[in-house]
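What follows is one structure encoded as structure tokens, with my remarks underneath.
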Amino acid sequence: MAEATEKPLNFIEQIIEDDLAKGKNDGRILTRFPPEPNGYLHIGHAKSICLNFGVAQKYGGKTNLRFDDTNPVTEETEYVESIKADVKWLGFEWAEELYASDYFDQLYEFALNLIKKGLAYVDDSTSEEMAVMKGTPTVAGINSSYRDERSIEENLDLFTRMRNGEFTEGTRVLRAKINMASTNMLMRDPIIYRIKIATHHRTGDKWCIYPMYDFAHGQSDSIEQVTHSICTLEFVPHRELYDWCIGSLEIFPSKQYEFARLNLSYAITSKRKLLKLVTDNFVNGWDDPRMPTISGMRRRGYTAQAIREFCDRIGIAKRDNLIDVSLLEFCVREHLNKIATRVMAVLDPIKVVITNYPKGQVEELKAENNPEDHESGSRIMPFSREILIEKDDFMENPTKKYFRLGLGLMVRLKNAYIIKCDDIVKDENGEIIELHCSYIENSRSGNDTSGINVKGTIHWVSETQAVDAEVRLYDRLFKVEDPSREDGDFKEYLNLESLQVITAKVEPALKNATLNTPYQFLRKGYFCLDADSTADKLVFNKTVGLKDTWAKEASK
RNA sequence: UGACCUAUGGUGUAAUGGUAACACAACUGUUUUUGGUACAGUCUUUCUAGGUUCGAAUCCUGGUAGGUCAACCA
């Protein structure tokens with residue numbers, strides 16, 4: 001393939017190329033993806049994963065997967081496992097699997113080191129007292145009385161005893177001695193170690209003090225010799241502290257860079273809120289197909305390739321953004337169109353009797369599996385006198401632009417015959433219960449000598465051979481474009497009709513449907529088999545609909 | 001009444017002092033045994049006021065708007 005015009009670099013890549021040009025770190029590039037194992041990964045993490053692993057790949061570097069597990073209260077092994085599975089599924093391989101908790105001993109030494117340098121002290125103030133002394137963004141804080149009165153020896157002694165479990169939670173913390181008057185609130189003597197009597201998912205009960213994020217993250221980067229520590233914009237104010245810790249400890253100078261996190265329309269990307277949806281049963285677990293989690297999207301039938309393409313298209317910048325979910329759906333359709341097996345499924349059936357077709361006759365018709373992929377072959381579909389078509393493919397009084405079935409009108413049954421509607425059968429309430437049609441005998445697909453041209457082609461299934469399938473139709477989880485910006489409880493903006501379960505009639509070939517195979521239900525959308533399927537009950541998820549210009553026209 | 005970050009079509013992202021472009025969305029057509037796909041096209045842009053410069057989306061200053069920061073969370 002000819003080399004396309006060079007893709008412009010995002011600002012992170014520019015920084016890396018500049019560093020490379022300057023010979024920084026001898027050309028070594030090491031990034032890291034550092035999730036806290038307190039929830040499942042979502043589409044926002046996918047952006048970060050693609051960025052971190054992507055730039056490393058591009059510049060011959062490596063990426064570590066590091067779990068930022070410094071708060072034992074919220075973290076669980078279940079999350080660790082799901083995160084690893086999701087990163088792998090997305091298609092990335094980490095150089096090393098690491099844990100901030102691997103560094104607890106080292107981090108403790110770092111704290112001791114700071115104390116010895118007179119750069120950290122034990123504070124006995126309550127959190128309320130500390131909050132007051134901290135000041136506000138416009139008013140400088142004041143020094144704690146413990147700040148200068150305690151000697152290095154006393155601080156060393158107290159911190160050691162904190163570690164030994166001699167004090168109860170909340171009674172003492174270790175603080176960095178920086179500047180209570182800094183305009184950066186994070187520099188006003190931040191807490192770097194706190195007492196937590198909790199069992200850690202990896203270190204068990206070994207520790208009763210745990211480092212805070214700011215005392216663990218930069219140092220972990222430094223220990224691993226991460227060259228480019230890429231995080232989201234909310235950490236910009238942390239950078240000064242990140243650099244202060246590394247500078248004070250005189251360790252490898254990893255550098256932090258920040259990009260704008262992804263916001264997706266009609267969705268939320270807050271682990272805390274997603275957790276709430278799960279625990280309050282608004283959805284059926286983290287992998288509910290309506291969730292913007294990687295596991296949810298996977299279950300819904302989104303492909304890793306589509307998600308990677310999406311992350312690539314949204315770009316990397318420092319501006320707050322709200323990406324239209326239609327771009328994600330575009331990427332999903334774009335991929336699925338190329339690989340999905342076409343099948344026929346009638347979601348909302350109405351019966352059609354082909355009155356001039358012999359009773360009891362079953363004909364086997366050939367159906368193409370994928371017009372986009374000529375290697376994909378074909379399959380056989382049974383055709384008979386009684387078939388089912390989609391209710392909205394018939395209109396008693398069709399408008400001019402409607403070119404499906406109407407009384408006296410003709411349509412092509414995909415891969416089969418042209419039929420004409422002769423009669424409408426209604427019940428006592430005037431509801432249409434079936435249609436009587438006649439077929440044009442010499443109009444069979446691939447063998448059409450009728451010379452008749454019809455504008456519409458519709459899908460169908462043969463009634464006796466069709467199989468029942470539960471089909472789960474999903475709509476957006478939220479009613480508003482940007483739920484995170486609305487006032488009040490975000491749950492008020494949930495779309496309570498986001499899940500619709502129906503029973504559809506699908507062609508018999510689908511009895512052999514397999515997990516992870518994308519299907520296109522012809523003219524309806526992309527669907528995939530759900531793990532809830534059993535030998536005698538098929539369950540499909542709707543991944544995404546086809547682009548539907550008729551629906552737009554019809555709603556005018 | 002602070003510090004920091006940001007400002008380019010409806011939404012995103014490029015243009016790295018030298019012709020504002022690409023994608024999505026929206027809208028038209030053409031092709032089509034999927035009202036899909038493909039193809040062709042239309043639409044709509046540099047927050048504002050100054051300054052530097054032969055030349056500014058880009059550099060500087062002021063303003064405006066949005067975001068972030070006062071967890072023993074990450």
Side-chain angles (χ1 to χ4, degrees), chain A residues 5 7-11 14 34-36 38 68-71 73-75 100 123 126-127 130-132 134-141 169-175 182-186 188 191-196 209-210 212-214 216-217 231 233-240 258 260 265 271-272 313-331 333-334 337-338 342 344 368 371-372 401-404 411-416 418 443 445-446 448 453-459 481 520-525 545-554:
Chain A
T5 49
K7 206 187 166 208
L9 303 179
N10 63 51
F11 80 96
Q14 288 175 31
E36 182 188 12
N38 67 345
D68 226 333
D69 55 351
T70 56
N71 184 0
V73 181
T74 55
E75 296 153 7
D123 196 323
T126 65
S127 59
M130 285 201 289
V132 171
K134 194 144 202 178
T136 70
T138 54
V139 177
E169 242 179 78
T171 55
R172 284 184 170 85
V173 292
L174 185 69
R175 290 230 252 173
S182 172
T183 52
N184 183 348
M185 299 294 288
L186 288 161
R188 319 243 269 222
I191 294 170
I192 56 178
Y193 258 95
R194 79 288 213 191
I195 299 168
K196 259 187 203 289
I209 56 169
Y210 292 92
M212 297 287 287
Y213 166 84
D214 286 302
H217 202 98
C231 61
L233 246 27
E234 59 266 34
F235 291 96
V236 169
H238 293 255
R239 189 174 62 230
E240 192 179 357
E258 311 88 7
S265 65
K271 265 199 238 175
R272 187 180 59 79
R313 283 176 180 252
I314 58 176
I316 301 294
K318 300 184 77 157
R319 196 181 332 169
D320 289 323
N321 59 73
L322 180 63
I323 311 276
D324 198 324
V325 70
S326 64
L327 179 60
L328 212 207
E329 292 175 341
F330 166 82
C331 294
R333 286 193 194 101
E334 186 186 43
N337 175 49
K338 292 194 174 69
R342 270 62 170 176
M344 294 203 217
E368 200 179 17
E372 302 287 321
K401 284 181 178 170
Y402 186 84
F403 40 87
R404 302 178 188 178
V411 279
R412 155 80 59 188
L413 295 173
K414 175 80 179 171
N415 298 321
I418 292 172
S443 68
S445 288
D448 186 352
N453 269 320
V454 292
K455 197 141 192 215
T457 300
I458 63 173
H459 61 281
E481 195 175 31
Q520 184 192 105
F521 288 4
L522 223 63
R523 301 206 302 137
K524 282 292 157 188
L546 257 25
K547 207 173 144 197
D548 191 350
T549 51
W550 166 246
K552 275 178 207 160
E553 178 64 36

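Residue numbers begin at 1 in each chain, while the letters A, B, ... track the order of the sequences. Small disclaimer: the values here were computed from a predicted structure and weren't measured.
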(request) Find out whether A:Trp550 and A:Arg523 are in side-chain contact, i.e. whether some heavy atom of one side chain is under 4.5 Å from a heavy atom of the other. (result)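 No, their side chains stay 4.5 Å or more apart.
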
Whole-angstrom distance between [N] and [M], as gauged at atom [atom1]:
N	M	atom1	answer
B:G10	B:U44	C1'	8 Å
B:C69	B:G36	P	45 Å
B:G18	B:G55	P	14 Å
B:U16	B:C22	P	16 Å
B:U45	B:G2	P	36 Å
B:C54	B:G9	P	30 Å

Establish whether the base of [N] is bridged to the side chain of [X] by a donor-acceptor pair shorter than 3.5 Å.
X	N	value
A:Arg523	B:U34	no
A:Glu481	B:G10	no
A:Arg404	B:G35	yes

(request) Determine, answering yes or no, if A:Trp550 is stacked on B:G35 under the 5.5 Å centre rule and the 30° plane rule. (result)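 Stacked: ring centres under 5.5 Å, planes under 30°.
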
Using atom [atom1] of [X] as one end and atom [atom2] of [N] as the other, report the distance to the nearest whole Å.
X	N	atom1	atom2	value
A:Lys271	B:A74	NZ	P	11 Å
A:Arg319	B:U11	CZ	C1'	11 Å
A:Ile192	B:A74	CD1	P	13 Å

(request) Sort out the partner of B:A21 for me: Watson-Crick or G-U wobble, both distances under 3.5 Å, none otherwise. (result) B:U13

(message) Is A:Lys455 close enough to B:U32 that one of its side-chain N or O atoms is under 4.0 Å from OP1 or OP2 there?
(response)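 No, no such contact exists.
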
(message) With nearest nucleotide decided by heavy atoms, which residue, A:Leu233 or A:Arg313, maps closer to the 5′ end of RNA chain B?
(response)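 In this pair, the answer is A:Leu233.
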
(message) If you assign A:Val454 and A:Asn71 each to the RNA chain B nucleotide with the nearest heavy atom, which residue ends up on the more 5' nucleotide?
(response) A:Val454

(message) Considering every strand and a 4.0 Å limit on heavy-atom distances, what is the contact class for A:Lys338: base, sugar-phosphate, or nothing?
(response) nothing

